Structure formats: structure tokens, C-alpha cells
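First comes the structure, then the notes that go with it.
Chain A is the first sequence line, chain B the second, and so forth, proteins listed ahead of strands; every chain is numbered from 1. Note that these values count all heavy atoms, side chains included, but never hydrogens, waters or copies made by symmetry. Because the structure is a prediction, the values reported are computed rather than measured.
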Amino acid sequence: MTSCDAIVIGAGHNGLTAATLLAEAGRKVLALEASDFVGGGARTAEFAPGYRSSGLAHIVNRLDPDVARLLRLPAEVASGELLPTVVLSEGREPAVLRGAYGSAGIEGVTEAEARAFQSLKAKLLFQASILKRFLKRRPPEIGKMSGTDIKDFGLAGMSLISRGKEEARDFLRMVLMNVADVAEEYLADERLKALLAFDATLGVHLGPRSPTSLLGLYYRLTGEAGGLAGGQFIPKGGMGALGAAFADSAKRAGVTIRTNASVRRLLTANGKIAGIELLNGETIAGDLVVAAIHPKSVFLDLADPADIDTVFKKQIRNVRSEGNVAKLDLALSALPRFTGVSERDHRGRIVIARSARHVDEAFNPAKYGEFSPDPVMEITLPSLADPSLAPAGGAVLSALIQYAPYRLKMGWETGKPLFEQAVMAVLERHAPGIGALVVGKDLQTPRDIEARYNMPGGHWHHGELQVDQLLVNRPTDLASGYSTPIGGLYLASAGAHPGGGLSGLPGLLAARHILSGDRR
Amino acid sequence: MTMNASVLKALQTHIDQPIAETPFEPRFDALSRYPDWYVWAGYKAAHSLGDVEAEYTALRNAAGVFDVTPMNKYRITGADAERFLNYLTVRDVRKLAVDRVHYTCWCNDFGHVIDDGTLFRLGADDFRLCCQDKQYDWLTDAAFGFEVAIEEETHHVAGLALQGPTSCRILKNMGFIGVEQLKPFQIARYSLGEGTVTVSRTGFTGDLGYELWVENGLALPLWDQLFEAGALHGIRAVGYQALNQCRIEAAFIVPNADFMTASHVLRPDRARLPDEIGLDWLVDPDKPNFNGKRAILSAQAKGTAKHVLVGLEIEGNVPAEGAIIYHRQKREAGIVTAGIWSPTAKRNIALASLDRPFGTTVTEDLWAEIYALCEGRYHKLMKRVKIVPRPFLKLDRRTTTPPADF
């Protein structure tokens, strides 16, 4: 039996972040990856002969600057040209947000509307900044508040009133509102309202009119790129290059990475972690295991049911984690043309949502296990920035489509071709002739994402990012601070605080917590 | 979907019979001199059949028969049954041999006791858990990930406790050959008509005694043969009041009387660790993880247990049930959860829950404030109490094998 100081399960970006930081602190670290690729959601893979696309995430909008700095990620993958967001609407020109979420101007809307958007954005950024201070630290332990916790609450309170009573009151009024009502209140342009509605709900099981849906937009706006909140870019070389950069950092720090190394179970002794056993029967001893995989996998698949107690087990079973987003990759024989979109803006993020109501109507059937015939989506054309992704003259289209309920009533086997038809019909409306260009395609439903990325429910946040599964309740209150009931076992995936997206923060915060000396 | 009234009515037959009756009910009813019923876990049960003193006397000097059918009974079977129960409960189930019983308790994640009960090992992978509270939900939640089947058999297995010095003689009269060789906590099976009686040398009186378990259909034949076999050996049906006196003498605790179970308490400080209710001796720190182990051991290591269960002897002869215990007659130190004048020990005894350090390091100068209602007026008595070993009454015949013949 081999052994090492720290075993990291899952070589996604969070696992690699934690592994790197532990190795740099002098630990002998082994990172185990079940699949044959590292980087998790940050991946570029061939999906049709000669065509490659990003695996799951297709744009970077919340990579944490501290993670990038600590891992010494190369600038060309950790940053990039800020991409515009183009909101399509049939029968009229698109609205284009330049810079970071419109920081460099908004085109296609009236000047008054652009001003209204900027003022709403400033308000939302202020409100998000109050929440953001809790995203970059370990959540407080209820009943065991430290001096730092109290200080942070104090500082949050002070920053809340720093802009006067009006803004503080607005924060308290808005924080649990639904995004549609907020958009209605401040904006007139349907396309801008649609964008906020789409961005707030992408990846969660909420519609824009569901209470608390504004939180999703705050979460989005706590992300930054190039130092600008709401910014987005595609790394040079694609998402796979970012995943590879995480792996390079780990290797540079001395981490041993093993792919195709699926963990079968956690080994324990006297209630504490003692190592892991691989699917091939090999065992690796270690009294520190960092699970950078879905918490449900950790406790319901890998842990011996006798090693965790019943209340906790039930909490984990009840973590809501059913994905709602499908990923479509199209191999195209030529570059598609989206009506009204300039050539240059095809490089940006194209959002198809004509109104907040459109997003809400796409959500409604998802509540009952159905999909809308008119789904909403965001699109990138990664081959424009990186022509190597497609054969000469060809193009790759990558789309994230809402809502694709994990538990589709008719079953995905039946539903997948029908869903694909619905998506293609929407694309055809906005990019006439695109259907004829398709030479290959790959549609991943949440079921496919679950299987391909070992993510229970196919949920890219590893659990709904909603108010009851945040902070001290992420993934559950009995394991919210990266420590778990099993001594020496820590959580470090998107299922832990603060949540999903390509940030590296759960990995960073988990590693800091471990290195701070917690060895329960 | 809408339901019409008749369908709805058919689904709600329980409304017509709010209290269930055990299969022995007709016999108890016939023997009751005046009805003194109460509701035990949804069943009609006897407080007494009209003469508590005679019933107590039968339990201690002849044989008393108490209906334990309302006890919640769960059958747990399957390849993981032993491993599952070892995880569920605080004692080491691996040490429980087939055809043996042990007393145990189980806790939630925070180490707080959910219930206590007796675990019967009927086969290598076949167990029965008998307890006070409904546990089906907890058992099924805990069983997630284990290969076990859990069956609620409360309502189709009937049980009688036959307790007292002549109980073995009566079973021999029934033709239960070799029953005298049964050791405490051992199980044997005997045929009765077409069926089987499972006999365990267990009970709740601290005396020689047995519990007899049958399928409901065999309940009345069992009763009738038992009373025929015991006619010359003082057999008598008894109610809870007499049994309660015996169990206090034996210092056995009752959930939701001597302590509140974790699933019943609303106030967070009212749940109890095993160490706080005298069950620390059950907890096996050396076995693999069990529910609540981390919390229990951590509380032991940090010394955070706040309460302690003690046996008290109280001066005078006024039962101290419900009395508040004081230190130096001033500072509140706990409460009496059960107290009687013990007819056999001839002592005024009580079980009490004290707030540490009272009962652990501070054991002197303790007082019970007893409110004795005498002819329309409370007499407030301040009586000196002494912490004494439990049980209050230790009977050799409880464990002697074979028991003395009569």
C-alpha cells in the first residue's frame, strides 16, 4: 500500500487548486481523476471529426484573481480580451454590451435606457459587493463565531450603510427579490431585462419570477475578468488550455496527477480518514483526503454508510442537485450568420432571450419535467478566436440551453431528439441557414453531463445555488466549512462554499482551511 | 384527482376506532374489576385491574402477566443486518449471539438518545428491536446504504411479560421442557398448537421473568393455557402501576418519563446524552462508528455532559415523584423523575436527574422538596436525600439458573 500526505479526489479546477496549494505548503500530494482528462468542466475535446469544443464551461467570467496569482496561471489563459454580450431579439437590432457587462457602453438601446442600465448595474454591483466579502472566506460556524466572523459582519454592516440609508434600505428590500421584478422596476428595454433574467437563472432551477432569483445575478456579478466585475473572456487556446494550466501549476508544485483513477471507497479507522481504495483494488493510505467532487458522490457513493451519521446522511440526500442546462456543440461547415450581429460581435457571447417573460415561459414547463418548445440560450463561436478548433472554413458553435430538466417526464432517450429540434428551430430563426451547415453535433443533457463529468444530477454547481444551499448551508450545515464529520476528510468542490463556476475558490478556501491547522 | 365521500370514508376507518386493542384485550377486560385504562402507543392498556397492591404482590411473590403488545417492534433482516444495527445502536451487536437479547439505546448525530430498547437476535441476519417510541422513520433513514429490510411488526406480534418467582414453574407446567435452563437474555422457542411461542428470559421488573411472543392469532390460546398452567401458582394479570413500582425498584428508566427522547424535545437543552441518563455503560467506544459516536466521545473528552442520573434514598415515607432537588436547601440541583415507597426494599426511593456537578462531585447536603397533598392542603416537606447505588432492589433469582422450583 502506497501512502502520501494528501489525497485529492477529482482533478477539476478546484481539486487542482487545492492540490497545488497543499503541495506548495510542503505536502506530498496525489490527485486522482476518474476520467481520462483533467480540468473538469474546463476542457476542450473533439466532438466531431476535426471539430473540438469546450466540454462544459465555454466562457470564463469568475476566475478568482487570487487563484490565478497563487497558481501562477499564465496571463494568456487567466485573462483575455473582454467579450461583448449580444442580446438577440427578432425583428430588431440586437443590444450589445461592451466591455464588462456594458462598462464600455451599450449599443442598440436608447441613451436613457443605457443610463438606466448603468445605474441599475452600479446598484447591483454595490449590493453584490456586500455579499462578495462572504464568498472569499470560510463561512462562519453558527454557535462558534470567531473574532474574524464578528469583524466581517461588522464590516459588511458598515459597507452597507457607507452609501447612505437609501442604498442600505434598497439592499434589504431587493436581496431576496426576483430578478424580473427588479428589471421591470429599473428598465424599459425588453432585451436588457431578458439578459438580466437569463444571467440570474442560468444554471439554477429558478425562473426570473421565482422569489430570490436575483441572487443568481449577484453571484454572477461577484465574478470578474481583467479586474472588471461582470467581465468575460475565452482563454487563448480555449477552455482546455485553462484546465491544462491548472494541471501544469499542480505538476510544477509537485503534485502527482493520476487519470483513469476512479475511487471506489473511502477508508477510515476510528472515525477518521485512513486512505482510499481505487476501483482496481489498489489502496492508498493517507490521513488527509480532499474530495473535490460532488458532495453526494463523497458521502453516498464513496463513504461507508456506517461512517456517517443519519441526520447528516439525510441532509446530503436532500441536497437539491438536478441540472437544468444542456450543452450543445455544433460542427459547422461554414461560419453561421446571426441576423443583425456584426462580424466582430460574433466573437462575443450571444444571448437568445427576447424578454424576461420569454425566460420565465421557458422555465414554466421545467417545473413539470418538460422543456419549452422555445428555449433560451447563450452561444459562443469559439473557433473564431481559435481557428484550430475547426477544419479550415468550418466553425464551432457552443450553446448552453435553458431549461433542460434532469428528470424529463418523457425520458431523455425520447426527449433528446425533440429537444434538439426545438433548439435548432430557435437557432434557425436567428441564424437562417444554420441547419444546412451542420456536419456534426453533440448535445449533452443533464443526464449526459452527469455521466461524462461524474456530477450527480448533471448540475454544474454540484447542488442548487439557492438561498437554502448557500454559505453555512453549503452543502449542508453539518459540513459547511470544508470539514466533514469524518476527521481528515475535506470538501473542496463547487458543492462547497461559495459554489460553482470556474473560480477555483472552493479549492482555495478548502486548502487555506486545512493549512490553517484544522485537523479534526 | 377528486375523491368522493365514500372513498374518503373508506380510507379513514381509523377515525371509527381511535384506540387500538391488543389481542389480549378481552381477557384483561373480563378480569378488570373496574376499568382503569390508559392509552399506550395508541393501544388501550391497563393502569391496573382494580387492585394495585395485589398486582405488585403477584409480581414479587408469585407471577404477574403484563401485556407488552403495544411496544413498537421492528424486524430487521438482510445481509447487512448486524452491521446496520451495530451502526444504529451504541452497543456492540457483533457480540450479541444468536438467540440472545441485549438492552441498548440509540442516538442521533449529536449523541442525544432517541430511544432505548431490547434487541433480539433471532438469527444470524434476523433481529427484532423492541422499543417505546415509533422508530420506523429513523430506522429507514439510518438504513440508507445498507442491505437490510425493515418491517414494522408492532401490530401483528403480541407479547406478554410473565414476571415473578413462580414464572418458570408456570412455563414448565405449560410443557416448555428445559425452560429452566434458559439464562438471562436467552431466547428459546416452543410449539403451541399450530404455532410457536418465542420465549425470552427478559423483563422490566428486575426479577425472574420471561417475555412470550406470538403471532396475534395465537394470543388468546397462549393466554388461556398460561392462566391454566398458573392457576395454582398465583398467576395474575397486572397493569402498569404495579409494573412501574417494580421497574423503579430495579432502577430501569422509561423514555419520556425519566428522560425526554431527542425526537420529542422542542427545547434544545432537554435532549440527553447516554452519559446523562445512566446509559454510558452501554456505549462501546471501541467498536466501529455508530450513530452519535463522535458526539458522545467528544462530550466525554471535553467533559460537557451537563446532567447525571442518580438513585436516591429519601428520608421519610412520602414518595418524592416530581420533587425538586436542592443543594443546601437553596440551590436547585435537579428533579426526581420517578419515586415510590418501595414495598419490598422498605425504603423511600427515587430516580433523579441532577445538574452536574451535583450527583458527580457534589453529593452531600442534597434535599428533596416534596409537596404532599393532604386533605386539601399541600404540606411542603424538605427531606434529606442520599445518593445510593442502583438498583434499589437486587434479587438473586433474577439471574440464578435454573431458578428455584415451586
Heavy-atom contact with chain B under 4.5 Å, split by part of Ile308(A): backbone
Could you tell me which portion of Phe110(B) (side chain, backbone, both or neither) has an atom closer than 4.5 angstrom to a non-hydrogen atom of chain A? side chain
Interatomic distance, Asp109(B) atom CG to Gln315(A) atom CD [nearest 0.5 angstrom]: 7.5 Å
For chain A, find which of Ala295(B), Gly292(B), Pro288(B) contributes the most heavy-atom pairs closer than 4.5 angstrom. Gly292(B)
Heavy-atom donor-acceptor pair, Asn289(B) side chain to Ala306(A) backbone, under 3.5 Å: yes
Hey, is CZ on Arg331(B) packed in by over 12 heavy atoms from elsewhere, all under 6.0 Å? no
Determine the minimum heavy-atom distance between Phe144(B) and Lys313(A), stating which atoms define it. O-NZ, 3.2 Å
When every non-hydrogen atom of Pro305(A) is compared with those of Gly145(B), the smallest separation belongs to CG-O, 3.3 Å
For Arg294(B) and Asp309(A), run side-chain contact (heavy atoms from CB on, under 4.5 Å): C-alpha distance rounded to whole Å, both residues' side-chain angles, the deciding distance at 0.1 Å, then the answer. CA-CA 9 Å; Arg294(B) 292 179 189 92; Asp309(A) 290 354; 4.0 Å; yes
Short side-chain donor-acceptor distance under 3.5 Å, Asn291(B) and Thr310(A): yes
How about NZ on Lys306(B), more than 12 heavy atoms from neighbouring residues, nucleotides or ligands closer than 6.0 Å, or not? no
Please indicate whether Asn256(B) has more than 12 foreign heavy atoms, meaning atoms of other residues, nucleotides or ligands, lying under 6.0 Å from its CG. yes
Go through Tyr87(B), Trp138(B), Phe290(B), Phe146(B) and name the one with the most non-hydrogen pairs under 4.5 angstrom from chain A. Tyr87(B)
Salt bridge present between Asp304(A) and Arg83(B) (N-O < 4.0 angstrom): yes
Can you confirm whether more than 12 heavy atoms, excluding those of Lys314(A), are under 6.0 Å from its NZ atom? no
Do other residues, nucleotides or ligands put more than 12 heavy atoms under 6.0 Å from Arg265(A) CZ? no
